[in-house]
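Before any comments, here is the structure.
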Amino acid sequence: MEYNFKEIEKKWQQKWLNDKTFKTDNHSDKPKYYVLDMFPYPSGSGLHVGHPLGYIASDIYARYMRLKGYNVLHPMGYDAYGLPAEQYAIQTGQHPAITTETNIKRYRAQLDKLGLSFDWDRIVRTDAPAYYKWTQWVFLQLFSSYYCYDAQQARPVSELIDCFKQQGTKDLNIASTAVLDFTAEQWNKKTEKEQQEILMNYRLAYLSDSIVNWCSALGTVLANDEVVGGVSVRGGHPVERKLMKQWSLRITAYAERLLKGLETLSWSDSLKEIQRNWIGRSEGASIRFAISGHADFLEIFTTRPDTVFGVSFMVLSPEHELNEIITTNVQKESVEAYISWAKNRSERERQAEVKMVTGVFTGAFAVHPFTGEQIPIWISDYVLAGYGTGAIMAVPAHDSRDFAFARHFNLPVTQVIVPKGEQPEDTANWEESKDGKEGTCINSDFINEMPVKNAISAVIKKIEELNIGYGTVNYRLRDAIFSRQRYWGEPFPIYYKEGIPYPMAEKDLPLQLPDIDKYLPTETGEPPLARAKNWTYNGYPLDCNTMPGFAGSNGYYLRYMEPDNKEAYVGKQANEYWGNVDLYMGGAEHATGHLLYARMWNKFLFDLGIVSKDEPFQKLINQGMIQGRTSFVYRERGTNRFISLNLKNNYQVDSIRVDINLVDNDILDIEQFKNWRSEFADAEFVLENGKYICGYEIEKMSKSYYNVQNPDNLVEKYGADTLRMYEMFLGPLEQSKPWNVQGIEGTARFIRKFWKLYHYNDENNFCISEDVPSLQELKILHKTIKKIQEDIEGFSFNTSVSAFMICVNELTELKSNKRAILEPLCILISSFAPHIAEELWQLLGNKETISYTSFPLVNEEYLQESTVTYPVSFNGKTRFMLEIDVHIPVEEIEALVLQSPEAQRWIEGKTPKKVIVVPKKIINIVI
RNA sequence: GCCUUGGUGGUGGAAUUGGUAGACACGCGGGACUUAAAAUCCCGUGAUCUUUAUGAUCUUGCGGGUUCAAGUCCCGCCCGGGGUACCA
């Protein structure tokens, strides 16, 4: 039989489906292993070649673990809520549910063709009411909980109310938006509304004013990605940063645990580092400065209280609430102008354009807490409203941004720290600040001559004594804004009574997403849900926001454990059996989003006693991103004439992305291009050598860049086994790489070669030899088993594939087709190329599928060598090879080498200075 | 800007974690089979030089350093990718 991958793959995919080969039971004698992929967002352009990279890798591991005797849970689902379906709905009027359904069907068909071993009976999708019921349920729990720092866990708000009734805020150490102070008596006198407002200050899901990108023309809030240069990408309308009431999750309450928990995880160091930096723990002090002529205080956070005597000005963020209060009449106009200018700059712009120094003086002065000096208060957008208190004390001598600011506005620079081994200098000559945290204090009153570290604690002690501040820990992490003014998401199970939000009863969940006539915000700027008819609960209006994309993806891994449970998010027994995810496969682009929110979500559920593990994802592998190669054509400005790549420098041109399907080998198919868009129908071209050559760039694969490569054509042409092998062969799993199909022929050839090894006669029938294998064949086999086992366990799948290839090449050379070799080989290859492996396995006469067998064991005996071949180097340059018996002790090797005629030739009668013998590695002779 | 990651032949990449740089594959060149093509198989393939050899020299983004020995470790640069809080 010829190798007919189409028939073979279809046959086995059908069989796995019919037999439910990969259905997983929640009960087993075997140890459990949970392999999870980050589920995809079903986009309109279908599954692209980047998706399977992770899915194939996790599938290889899942299949391997089954062979190693584990009960493996390997499910799949869809992150079905998202912006693209909504945008499409706005444009076409088609309900996002329909778009999503179509896309999911397409994804499923594409996934099925790859031969992935998912247990499809456990499918979850985030837009299913039976699923989002539980997303809403968790939200209600968050709403009804607060975070107690003493207990280091979430507690019910009802407990907090009892506490307020009895002792007010006394001795409370809990997470809050603002620090409040009241007695039991005061609490009990408050109205229901006042009490509810106070409780909002503590809830883990709470309403507050947050800064968002508001586009009044579109009537909606935009992501930073959707804003460029202060205007919306769509339409180019102005966008301003505006305070709006939003739901938030108090993830900052979990900052410390999120940080600590990282230590227990098998994630890459870089990913942990990203999360650590994102959480951004810094120790420092909060100090209150009095303001001249005002009752208000200016509270700042600094990590360098030791530099307090070097303060030469204060800086407030443009959003700071004191701006309005303290600005003098003289400065009013320029301050207002500056603030309104700064308002339209995104946070990213502000931080990126670090060289651009801007700011304005308020006219007001703060009072130095120790010297009583008058310190001018400035406003500048290099101070961010969202970090610390949104205000800083500027110490230009020891902070580079403050230094740049001081130089630009000609403010004084006072040195207060002398780095070790240096002398105090005249700061007028400085070209940069001395930011180092090592040194001794000068010009600093009571901390003079102290090293920085001691000075920090001395100042903290002093401000605590004076009751003007305290030592504190600050996090860069911000609470997550949790509401979106969009349609396609989970509605909030919250209704309003006299403007106060109340939770719906759990028994009334899920609160189903209503149908509406249009997916746009209302004319008055209300979110789309305001268009829904009877959007009320017991006669009260419901919240019109929806939850963000990440809401549904937080706890989905729990739902796979028991997807049909109607009583609970996840049943206790199922959760205790599956614990957490043993291996999570997904992209590193989720490092600070999903992977942080999901951890917090899980920790909260852990606090509630719903889940048994504090961390959701024990081991994490980030598959690299497969990048697209976007093709570009170059249009001469103001014309419809296109200039070939190497001639474009002679013209003034604009780069235009062109669909990669119109380009072959960088050569544009001009006829197809003309038909692609009506605007190009009468295009003219300036060619080189009769061809139009396109340029290219490597970037993220995206429908909007026209560079999406889908796997369908390749599966059609080469089969799933080849595609699977090829995607793994492409390079290290964790590295990003551009997609390129140049090498796929080689993998296809290798699979055919493997098949032919057992189908070599004229009729192409299956031929197998029952002979006992030779030592050489056993050596090849066991070398391969060992290598592949090591590589799978180290997620080095590219070298595994190479090892297979070498093995097949060697066997082909020996014309070896023995049963005793093929049988283990089928099992080895079954993780990578499961279809061909099953087919050969069946041809060998096996009745059961490979998943019921176990991984072959390595017999080290076959791998032992009697000699070692040493490279012999002179002064580090390898000159010849020398074979030495393994049993010769290391001490004797030196003499042996020096005596060899080759060595004598290189030594040329000189006396070697030194001989280095590294066992089994190298011999180096220094002369 | 900040965080993170990568840079090795014409191309994708390998290198036992400090020990023969370029495995394996693509591509390319040559040959066999064939009327021919496809497929398949065999040989060659980092660069330069010469005395054409079991030869020499150079070579892992650039510049320094540590070491008997550096793609790998250290310091300083350059360039690409991802993230940067409402894309998923």
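What you see is a predicted model, and the numbers here were worked out from it, not measured in a lab. We name chains A, B, ... by the order of the sequence lines, and we start the count at 1 in each one. Below, each value reflects all heavy atoms present in this structure, side chains not excepted, and no hydrogens, waters or symmetry copies.
A residue-by-residue look at A:Leu271 and A:Lys737 shows that A:Leu271 has its nearest nucleotide of RNA chain B further toward the 5' end. For A:Gly746 and A:Pro738, each mapped to the nucleotide of RNA chain B holding its nearest heavy atom, the one lying further toward the 5' end belongs to A:Pro738.
If you check B:U20, B:A25, B:C87 against the side chain of A:Pro871, the one that comes closest is B:U20. Here B:C24 is the nucleotide among B:A14, B:C24, B:G81 with the atom lying nearest to any side-chain atom of A:Ile806. With B:U4, B:C58, B:C24 as the choices, the nucleotide that has an atom nearest any side-chain atom of A:Asn809 turns out to be B:C24. Considering only the side chain of A:Ser802, B:C24 comes nearest among B:G19, B:G83, B:C24. Of the candidates B:G6, B:C24, B:U17, the closest approach to any side-chain atom of A:Lys921 belongs to B:U17. Taking the side chain of A:Arg478 as heavy atoms from C-beta on, and the options B:C3, B:A56, B:A85, the nearest nucleotide is B:A85.
For B:G6, the paired base is B:C79 (Watson-Crick or G-U wobble, both distances below 3.5 Å). Nucleotide B:U40 has B:A32 as its partner under the Watson-Crick or G-U criteria, with both atom distances under 3.5 Å. Under the Watson-Crick and G-U wobble criteria, each requiring two contacts below 3.5 Å, nucleotide B:A25 is paired to B:U11.
Nucleic acid contact for A:Gly549: none, since no nucleic acid atom lies under 4.0 Å from a heavy atom of the residue. Within 4.0 Å of A:Gln246, counting heavy atoms only, lies at least one base atom of the nucleic acid. Backbone-only engagement by A:Trp906 is indicated by non-hydrogen atom pairs under 4.0 Å involving sugar-phosphate atoms exclusively. Using a 4.0 Å heavy-atom cutoff across all strands shown, A:Arg486 reaches at least one base atom of the nucleic acid. Note on A:Lys700: a base of the nucleic acid sits closer than 4.0 angstrom, heavy atoms only. Nucleic acid contact class of A:Met38 (heavy atoms, under 4.0 Å, all strands): none. Among the atoms of the strands shown, base atoms are found under 4.0 Å from some heavy atom of A:Gln485. A:Ile916 comes within contact range of at least one nucleobase, with a heavy-atom separation under 4.0 Å. Contacts of A:Asn213 with the nucleic acid, taken as non-hydrogen atoms under 4.0 Å apart, are absent. Across all strands, A:Gln742 comes closer than 4.0 Å only to sugar-phosphate atoms, never to a base (heavy-atom distances). At a threshold of 4.0 angstrom between heavy atoms, the contacts of A:Ser483 include nucleobase atoms, whether or not backbone atoms are also involved. Residue contacts for A:Leu477: at a heavy-atom cut-off of 4.0 Å it reaches a base atom on one of the strands shown. Residue contacts for A:Arg905: at a heavy-atom cut-off of 4.0 Å it reaches no nucleic acid atom on any strand shown. Among the protein residues, A:Arg276 comes within range of no part of the nucleic acid, since none of its heavy atoms lies under 4.0 Å from any strand.
At whole-Å resolution of the value, CG in A:Leu757 and P in B:C41 are 12 Å apart. Across the protein-nucleic acid pair, A:Asn924 atom CG and B:A70 atom P stand 10 Å apart, rounded to whole Å. Between the OH atom of A:Tyr718 and the C1' atom of B:A39 there is a distance of 14 Å, rounded to whole Å.
Within a 6.0 Å radius of OH in A:Tyr88, no more than 12 heavy atoms belonging to other residues, nucleotides or ligands are found.
Under 4.0 Å is where a charged nitrogen must lie from a carboxylate oxygen, and between A:Arg276 and A:Glu273 at least one such pair does. Between A:Lys783 and A:Glu810 there is a salt bridge, with a side-chain nitrogen of the basic residue lying less than 4.0 Å from a carboxylate oxygen of the acidic one.
For the residue pair A:Asp127 / A:Tyr78, no side-chain donor-acceptor distance below 3.5 Å is found, with atom types taken as modelled. Using modelled atom types and a 3.5 Å distance limit, the side chains of A:Thr252 and A:Asp479 yield a donor-acceptor pair.
On a pure distance criterion of 3.5 Å, no polar donor-acceptor pair joins the side chain of A:Asn277 and the base of B:C3.
The gap from the P atom of B:U16 to that of B:U72 amounts to 13 Å, rounded to the nearest Å.
In this structure, the separation between OH on A:Tyr55 and CD on A:Glu727 is 11.5 Å, given to the nearest 0.5 Å.
Seen from the ring of A:Trp267, A:Arg599 counts as a face-on cation partner, given the 6.0 Å and 45° thresholds.
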